[in-house]
Amino acid sequence: MGIDPSEILRRRGLRVTPQRLAVLRAVSDQPHVTADVVAQTVGGEIGSISVQAVYDALAALTETGLLRRIQPAGSPARYEARVGDNHHHLICRVCERTVDVDCVVGDPPCLTADEDFGFEIDEAEVIFWGRCPDCVRETKGTA
Ligand SMILES: [Zn+2]
Ligand SMILES: [Zn+2]
Ligand SMILES: [Zn+2]
């Protein structure tokens, strides 16, 4: 860090707006956050911002590689500012707690498809689904 966030946006060719800066900050502060929570955080910070403006900012930041979008099956997309290291996620099926796990291999894609059908593959998105320790304890009861 230590780099001015405005400078980060400019380097990616993005126009610097208070909305984009606030969205970038909100996601940096709360990894794996949903767009709704970003909207709440940013709204509380810079005042009225439409949900559409939040989505637009998230899209611009994701397209330029400043944010990463994770789309777990059956739940809303999450955003994070930890990009470019090809890490993966553990997600609890019960409480949706999301945890980063480092990639074993390090280079994307970390898995080799049996057959690439001529595609130039650059990513394998891995999500480990299960139950977090708290939820496991919960279902085991207090015995
Ligand atoms: Zn859980
Ligand atoms: Zn992550
Ligand atoms: Zn990996």
Side-chain angles (χ1 to χ4, degrees), residues 1-46 49-142:
M1 290 315 262
I3 307 169
D4 176 16
S6 306
E7 183 57 33
I8 295 174
L9 293 187
R10 264 184 236 111
R11 278 187 201 169
R12 302 290 173 129
L14 287 175
R15 201 160 38 84
V16 179
T17 65
Q19 286 90 344
R20 284 177 177 166
L21 288 175
V23 166
L24 184 59
R25 198 169 340 115
V27 178
S28 305
D29 291 348
Q30 319 170 74
H32 316 124
V33 73
T34 61
D36 284 349
V37 174
V38 173
Q40 280 166 25
T41 309
V42 172
E45 217 174 279
I46 64 170
I49 180 170
S50 69
V51 175
Q52 190 55 47
V54 169
Y55 275 99
D56 289 349
L58 286 170
L61 294 166
T62 304
E63 274 162 27
T64 49
L66 290 172
L67 296 183
R68 181 173 168 197
R69 185 175 186 274
I70 319 152
Q71 177 68 73
S75 70
R78 315 291 186 91
Y79 295 86
E80 66 183 340
R82 182 178 166 185
V83 295
D85 65 353
N86 200 48
H87 74 273
H88 305 303
H89 296 99
L90 293 169
I91 304 181
C92 176
R93 290 184 193 282
V94 184
C95 68
E96 297 200 343
R97 178 172 156 199
T98 304
V99 177
D100 286 337
V101 279
D102 288 338
C103 184
V104 182
V105 182
D107 309 308
C110 63
L111 301 171
T112 311
D114 249 7
E115 162 67 68
D116 65 14
F117 297 98
F119 281 51
E120 193 178 273
I121 299 172
D122 58 39
E123 184 178 354
E125 202 173 278
V126 182
I127 296 180
F128 301 94
W129 290 94
R131 289 181 299 154
C132 74
D134 291 344
C135 291
V136 168
R137 219 173 297 130
E138 191 92 346
T139 44
K140 279 184 181 153
T142 46

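We count residues from 1, following the sequence as given.
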Chemist: Do any side-chain atoms of residues 7-18 form donor-acceptor pairs under 3.5 angstrom with protein atoms, and if so which ones, sequence neighbours left out?
Modeler:
from	atom 1	to	atom 2	distance (Å)
E7	OE1	R10	NH1	3.2
R12	NH1	T64	O	2.6
T17	OG1	R20	N	3.0

Chemist: With sequence neighbours left out, what residues match D100 under salt bridge (charged side-chain N to carboxylate O under 4.0 Å, His left out)?
Modeler: R82
Chemist: Mind checking the CD1-CD1 spacing from I127 to I70? Nearest 0.5 Å is all I need.
Modeler: 7.0 Å
Chemist: Do any pairs count as a ring-ring contact (aromatic ring centres under 6.0 Å, His included) and have a residue in residues 104-136, sequence neighbours left out, and if so which ones?
Modeler: none
Chemist: So, using side-chain contact (heavy atoms from CB on, under 4.5 Å) as the criterion, who are the partners of E125 when residues are at least two apart?
Modeler: E123
Chemist: Within a strict 4.5 Å, meaning less than it, do heavy atoms of the V27 and V38 side chains meet?
Modeler: yes
Chemist: Side-chain atoms of residues 49-62: list all donor-acceptor pairs with protein atoms under 3.5 Å, sequence neighbours left out, distances to 0.1 Å.
Modeler:
from	atom 1	to	atom 2	distance (Å)
S50	OG	A53	N	3.0
Q52	NE2	D56	OD1	3.0
T62	OG1	L58	O	2.7

Chemist: For residues 63-76, which residue pairs pass the salt bridge (Lys or Arg N to Asp or Glu O under 4.0 Å) check, not counting sequence neighbours?
Modeler: R68-E80
Chemist: May I have the step-by-step check of side chain to side chain contact (heavy atoms under 4.5 Å, CB included) for C95 and D134, ending in yes or no?
Modeler: CA-CA 9 Å; C95 68; D134 291 344; over 6 Å; no
Chemist: Rounded to the nearest 0.5 Å, what separation is found between the OG atom of S6 and the CG atom of L24?
Modeler: 9.5 Å
Chemist: Partners of L111 by side-chain contact (heavy atoms from CB on, under 4.5 Å), sequence neighbours excluded?
Modeler: A124, V126
Chemist: C103 and N86: which non-hydrogen atoms are nearest, and at how many Å?
Modeler: CB-O, 3.1 Å
Chemist: Tell me, which pairs form a ring-ring contact (aromatic ring centres under 6.0 Å, His included) where one or both residues lie in residues 56-92, sequence neighbours left out?
Modeler: H32-H89, H87-H89
Chemist: Tell me, which pairs form a salt bridge (Lys or Arg N to Asp or Glu O under 4.0 Å) where one or both residues lie in residues 105-118, sequence neighbours left out?
Modeler: none
Chemist: Less than 4.0 angstrom from a charged side-chain N to a carboxylate O is my criterion; do E45 and R25 meet it?
Modeler: yes
Chemist: Please tell me if the side chains of R97 and I91 come closer than 4.5 Å, counting only heavy atoms from C-beta onward.
Modeler: no
Chemist: Could you tell me which non-hydrogen atom of V105 sits nearest to which non-hydrogen atom of C110, and how far apart they are?
Modeler: CG2-O, 3.8 Å
Chemist: Looking at Q71 and S75, would you say the former's side chain and the latter's main chain have a donor-acceptor pair under 3.5 Å?
Modeler: yes
Chemist: Given side chain to side chain contact (heavy atoms under 4.5 Å, CB included), test Q30 with T41 step by step and report yes or no.
Modeler: CA-CA 10 Å; Q30 319 170 74; T41 309; 3.0 Å; yes
